[in-house]
Amino acid sequence: PSGRHPLPTSARTVLGFGPLALLVLAQLSAASDRFLITLVTTPVKQDLALGDAQLGLLHGSAFVILYALTMPLFGSLADRGHQRVILLVSIGLWTLATLGFGLAGAFAVLFLSRFVLGLGQAGLAPASLSLIAHGSRPGRMARNVSLFTAGGSLGQIFALLAGGAILAWLVQRGGLAFPGLGPLPPWRALFL
C-alpha cells in the first residue's frame, strides 16, 4: 500500500534461470537430506539399539517441531528482505545436522540432529518463495513456484533412488573410511 518494496535494491533483479535452478537444487537437497533416514531405519535401529517409538520420533516429531514453529519467523524475516542470509544459514544448519546424524552415537544426538535439520530447513521455503515472488517476471511466478515445489518431490525420489544406490555401493564395500574418522558403517557413511 505505501509503494515501498520490501526488498533492497540489489535484490530486486529479475530471477533468472540460474538463481531459480539453485533454489530448486536447494529444495531437492533439503528433501533428500530429510528422507535419507527411510533407507537406514533398520541399521540405525540395530546399531544404536533403538526402539520403535524412538524411530518414530526421529522420522516425525524430531524434525517437525522446530520446522513448524520457526517457519513463520523465517517468513517474517524474509518479508523484511533477509532472504539470502536465511538461505545461507539454513543450508549451513541442515548440512551440519545431516553430518551430525551420521556421526551420532546415541539417540539424543540423533534427535538433536533431526531437530536442527528441521530448524535449518524451515528457512528454505519462506526465503525461496519470497525471492521467487519478488523476482519473477509477469506471468512466470506460478511456473517458478511450481518448479521450486517440484524440487521437493524430486528430492524424495533422489533420496530413495540415488541414496539407495549409494547405500548399496557402501554395503558392498563394507562402509567407507574418512580421514580423521576412520572406517564408518554404510549407514553412517551415507549421511557424510
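We count residues from 1, following the sequence as given.
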Enquirer: Just checking, any donor-acceptor pair under 3.5 angstrom between side chains of T38 and H59?
Expert: no
Enquirer: Name all residues meeting the ring pair (Phe, Tyr, Trp, His ring centres under 6.0 Å) criterion together with F158; count only those two or more places apart in sequence or in a different chain, and write none if there are none.
Expert: none
Enquirer: Does any pair with a residue in residues 28-50 pass salt bridge (charged side-chain N to carboxylate O under 4.0 Å, His left out), and if so which ones, sequence neighbours excluded?
Expert: K45-D52, D47-R188
Enquirer: For W187 and T42: C-alpha separation, side-chain torsions, deciding distance, then whether side chain to side chain contact (heavy atoms under 4.5 Å, CB included) applies.
Expert: CA-CA 10 Å; W187 78 264; T42 301; over 6 Å; no
Enquirer: Under the side chain to side chain contact (heavy atoms under 4.5 Å, CB included) criterion, do L99 and L192 qualify, and how do the steps go?
Expert: CA-CA 5 Å; L99 294 172; L192 271 77; 4.0 Å; yes
Enquirer: Quick one: does Q121's side chain have a donor or acceptor within less than 3.5 Å of a partner on A30's backbone?
Expert: yes
Enquirer: Are the side chain of S90 and the backbone N or O of I86 linked by a donor-acceptor pair below 3.5 Å?
Expert: yes
Enquirer: Minimum heavy-atom separation for G164 to L39, with atom names?
Expert: N-CD1, 3.4 Å
Enquirer: Please identify which of these residues, L55, L110, V109, meets the side chain to side chain contact (heavy atoms under 4.5 Å, CB included) condition with L48.
Expert: L110
Enquirer: Taking atom CG of L184 and atom CG of L103, what is their separation to the nearest 0.5 Å?
Expert: 6.5 Å
Enquirer: Looking at side-chain heavy atoms only, is the closest gap between F74 and L124 below 4.5 Å?
Expert: no
Enquirer: Has M141 got more than 12 heavy atoms of other residues, nucleotides or ligands less than 6.0 Å from its CE?
Expert: no
Enquirer: Do W169 and P186 come within less than 4.5 Å of each other through their side chains, counting heavy atoms only?
Expert: no
Enquirer: Could you go step by step and tell me if F148 and I132 meet the side chain to side chain contact (heavy atoms under 4.5 Å, CB included) rule?
Expert: CA-CA 9 Å; F148 174 75; I132 291 169; 3.6 Å; yes
Enquirer: I'd like to know if the side chain of S130 reaches the main chain of D79, judged simply by a donor and an acceptor atom lying under 3.5 Å from each other, with no hydrogens or angles considered.
Expert: no
Enquirer: Mind checking whether F191 and F101 have parallel, tilted or perpendicular rings, split at 30° and 60°?
Expert: tilted
Enquirer: Give a yes or no on whether the backbone of I37 and the side-chain of T41 come within a donor-acceptor separation of less than 3.5 Å.
Expert: yes
Enquirer: Is a donor on one side and an acceptor on the other found under 3.5 Å between the side chain of T95 and the backbone of I91?
Expert: yes
Enquirer: I would like to know whether L58 and L50 meet side chain to side chain contact (heavy atoms under 4.5 Å, CB included); could you show each step before the answer?
Expert: CA-CA 10 Å; L58 293 177; L50 301 179; 4.0 Å; yes
Enquirer: List for me each residue that meets side-chain contact (heavy atoms from CB on, under 4.5 Å) alongside L66, sequence neighbours excluded, and say none if there are none.
Expert: T70, F115, L119
Enquirer: For a 4.5 angstrom cut-off between non-hydrogen side-chain atoms, does V116 reach W94?
Expert: no
Enquirer: Between R114 (side chain) and F63 (backbone), is there a donor-acceptor pair under 3.5 Å?
Expert: no
